[in-house]
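Atom set for the values below is all heavy atoms of this structure, side chains included, hydrogens, waters and symmetry mates excluded. Because the structure is a prediction, the values reported are computed rather than measured. By convention here, the first residue in the shown sequence is residue 1. One-based numbering, in listed order, for ligands and for the atoms of each.
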Amino acid sequence: METKQFVTTMDAILTRIEKARLGVSGHHIVKIVAASKSATPQMIEAMYNIGQRCFGENKIQDMSEKVHALAHLPLEWHFIGRLQTNKINQLIDLDPFLMHSLSSLELAQELDKRLHVKNKQMNALLQINSAYEEQKAGVLPEEALEIYEQISLTCKNIQLKGVMSIGAHSEDTQLIQKSFETTHTLFESLQSKGAKYCSMGMSNDFELAIACGANMIRLGSILFK
Ligand SMILES: *Cc1c(COP(=O)(O)O)cnc(C)c1O
């Protein structure tokens, strides 16, 4: 893909994000994570060249290949996918800036154990299944505060930095909005416990997510068409 094409795409997206964030407040800052699962290292580098620093991958193997291929660039890598227990050590070795998809207390405790062995720390978000969808990972909203507290207390090598959600899989805007509001309400109650990021919103619903308080959005298909 040509750099020029990326600039045009990014300009249009930034204009939309700017409008959405100003609708919340002039002080509301939104960080973009480019979900690069469909992008080659060359495309990621082209995106870097126009100013994008944060990239998110959902498979450890792909992430590992891209992290190594692009080690010459000061990129910020995020892990946004389902983490299988047998891939935990690989993720730790990749030193992600933020792991978005901590989806249970058990996974957190397993991750914590491996971090301890490697004498490392990891920043993570608790994934909330705010749409109550069976095919989605994450903890249920009514358990989220308790589990967040449990992880904070028992997993000393994990620094919880907030929450993540995938919006309801629906054509019904109100339903999607409700799922975002649920996650944002939890985020607000967790701010006193150090929550900084409310990661929600993808290509099809990022403006709604921002309106509901997202300060980190994960954009894939809209960036890498
Ligand atoms: C792929 C992916 C995204 C980006 O999705 P798009 O709809 O392509 O913007 C966001 N979050 C997660 C967890 C993903 O796997």
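- The protein non-hydrogen atom at the shortest distance from atom 10 (C) of ligand 1 is Met202 SD, 3.2 Å.
- Counting heavy atoms under 4.0 Å from ligand 1, residue Ser203 touches it through both backbone and side chain.
- Side-chain contact of Ser199 with Arg218: a donor-acceptor pair under 3.5 Å is present, judged by distance alone.
- Ring planes of Phe224 and Phe6: perpendicular class, angle over 60° (limits at 30 and 60°).
- Side-chain contact check for Thr182 and Ser130: no donor-acceptor pair (N or O, by modelled atom type) lies under 3.5 Å.
- In this structure, His72 places its NE2 atom where more than 12 heavy-atom neighbours from other residues, nucleotides or ligands lie under 6.0 Å away.
- For NE2 of His116, the number of neighbouring non-hydrogen atoms (other residues, nucleotides, ligands) closer than 6.0 Å is 12 at most.
- Around atom 12 (C) of ligand 1, the closest heavy atom drawn from Val33, Asp205, Ile80 belongs to Ile80.
- Under a 4.0 Å criterion applied to the non-hydrogen atoms of Ser221, ligand 1 contributes the atoms 6 (P), 7 (O), 8 (O), 9 (O).
- Just one of Ile217, Val30, Asn215, Leu125 meets the side-chain contact (heavy atoms from CB on, under 4.5 Å) condition when paired with Cys198; it is Asn215.
- Listed by atom number, the atoms of ligand 1 under 4.0 Å from Ala35 heavy atoms are 3 (C), 4 (C).
- For atom 11 (N) of ligand 1, the closest heavy atom belonging to the protein is Arg218 NE, 2.9 Å.
- If you check each of Lys37, Met164, Met200 against atom 2 (C) of ligand 1, the one with the closest non-hydrogen atom is Lys37.
- Each of Gln90, Lys37, Glu57 was checked for a side-chain contact (heavy atoms from CB on, under 4.5 Å) with Met63, and the lone residue meeting it is Glu57.
- Residue contacts with ligand 1: Leu219 is included, with a non-hydrogen atom under 4.0 Å away.
- Note on ligand 1: Asn58 sits in its first shell, one or more heavy atoms being nearer than 4.0 Å.
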